[in-house]
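Everything below concerns the one structure shown next.
Only a predicted model underlies this, so the values are computations on that prediction, with no experimental measurement involved. Just so we're on the same page: letters track the sequence lines, and every chain starts at 1.
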Protein chains: 2
Amino acid sequence: MQTISDAESRIMEALWRKTPLSAEQIFAAVGAENGWAPATVKTLVTRLLKKKAISGGKEGDSYVYRPLITRAAWVQSESQGMLDKLFKGEVAPLVAHFAEHRKLSAKDLKQLKALIARIEEDK
Amino acid sequence: MQTISDAESRIMEALWRKTPLSAEQIFAAVGAENGWAPATVKTLVTRLLKKKAISGGKEGDSYVYRPLITRAAWVQSESQGMLDKLFKGEVAPLVAHFAEHRKLSAKDLKQLKALIARIEEDK
DNA sequence: CTTGCCAGATTACGCGCGTAACTTCAGATT
DNA sequence: AATCTGAAGTTACGCGCGTAATCTGGCAAG
C-alpha cells in the first residue's frame, strides 16, 4: 500500500513490465538480476501481497500475480515526496538544480521545450 | 556520510538555515516542530556526528555544531537517486510526469521557460 | 489413497531508524 | 578540591527491511 520498499519495487517493476507473471517468472525476471535466492523473492512477494500492492490467484491453469497499484501512482507518490522535501514542491527549482549540476542533457532540453510548447498550446 | 535519514535531515535543515547552532538552539529549532524529546534530538545529532555529516566543537565560549556537507550535495544525491530509479535518469520525463498530474503550476512554467531561455543563451 | 509440488504462513537474524534514557568524562564554577 | 554542567558515549527497544529457510495445507498426479 503506502510503503513499497526498494527491494519490493524491483518486483513491482517486473510486474509492470509484463503482467501477469507466475512465481517462477518473477524469480526469472528479478532473481538473477539482483542476486536473490528464490526464498528472498518469495518473501518480497508475500510482503507485497500483505501490503495489497499485488494480487495473486489462480487464472486458468496456473497461479499468477498482478500489480494492484499502477506504476504512475507509485511514481507520483515517490516523486512528490522528494519534491516536497527537497524543493518545497516546486518543479522549476528542481530542474534548475539539475541544470546547475550539468545533468540536463541536450535531449532533456529538447524534450522540455517540446513539452512546454505543447502545454502552452492547449492552454 | 552517505545516508542521512529522514529524521536526521531535519537537523541538517536547521543547520543549513543558520550555522553554527548550539545543542540548545538545534533543539529549539526542531524539537517542538517535530515533537521530539531533547534526548531524541541528541541522538540524531550524535548519529550525524558519527556519520561526519556535521562537526561539533567549542568556538569561543560555547559549543556549537556546523554542517560538513552542503545542502546542494545532499539534494544532488537524493534527487539523482530518485531520478535514476523512477525516470532512468532523464529529467524531461520527470517534468512530463508532473505535467500530466497537474502539478506544474503557472509559476513553474514561467520559471522553466526563463530557465531554458537562459541556458540557450550562453550555450 | 498416498505422495509430491506449490502457494502461503511462520520464523529467523542482523541492521538502520525513530524514539529515548542513562552513564561518563572533562572543563568550569564554587 | 569538590561539585556541577554540558557534550559525548552507551544502552534500549520495537519496527521495517534485506536476506533467507522451514513448515503447512491443499490440489494434482501416480
>> One character per nucleotide, please: for nucleotides 10-30 of chain D, 5' to 3', B when the base has a protein heavy atom closer than 4.0 Å, S when only the sugar-phosphate does, - otherwise.
In response: --B----SBBBB---------
> What pairs meet the salt bridge (Lys or Arg N to Asp or Glu O under 4.0 Å) rule with one or both residues in residues 7-16 of chain B, with sequence neighbours excluded?
Replying inline: B:Asp6-B:Arg10, B:Glu8-B:Lys51, B:Glu13-B:Arg71
> Once you round it to whole Å, what is the distance between P of C:dC6 and CD of A:Gln25?
Replying inline: 14 Å
> Nearest-Å distance, OH (B:Tyr63) to C1' (D:dA7)?
Replying inline: 6 Å
> Heavy atom of residues 9-24 of chain A under 4.0 Å from DNA chain D: which residues?
Replying inline: none
> How would you list all residue pairs meeting ring pair (Phe, Tyr, Trp, His ring centres under 6.0 Å) that involve residues 13-46 of chain B, not counting sequence neighbours?
Replying inline: B:Trp16-B:Trp74
> Can you name the residues that form a salt bridge (charged side-chain N to carboxylate O under 4.0 Å, His left out) with A:Glu100, not counting sequence neighbours?
Replying inline: none
Show every donor-acceptor pair shorter than 3.5 Å between a side-chain atom in residues 37-46 of chain A and any protein atom, with sequence neighbours excluded, or say none if there are none.
| from | atom 1 | to | atom 2 | distance (Å) |
| --- | --- | --- | --- | --- |
| A:Thr43 | OG1 | A:Ala39 | O | 3.1 |
| A:Thr46 | OG1 | A:Lys42 | O | 2.8 |

> Who are the side chain to side chain contact (heavy atoms under 4.5 Å, CB included) partners of B:Ala73, not counting sequence neighbours?
Replying inline: B:Thr70
> Transitively linked via ILVMFWY side-chain contacts under 4.5 Å: B:Leu94 with A:Leu115?
Replying inline: yes
>> Suppose we screen for salt bridge (charged side-chain N to carboxylate O under 4.0 Å, His left out). Which residues come up paired with B:Glu24, at least two apart in sequence or across chains?
In response: none
> OP1 or OP2 of C:dG8 sitting under 4.0 Å from any side-chain N/O of A:Tyr65?
Replying inline: yes
> Mind checking what makes ring pair (Phe, Tyr, Trp, His ring centres under 6.0 Å) contact with A:Phe87, not counting sequence neighbours?
Replying inline: A:His97
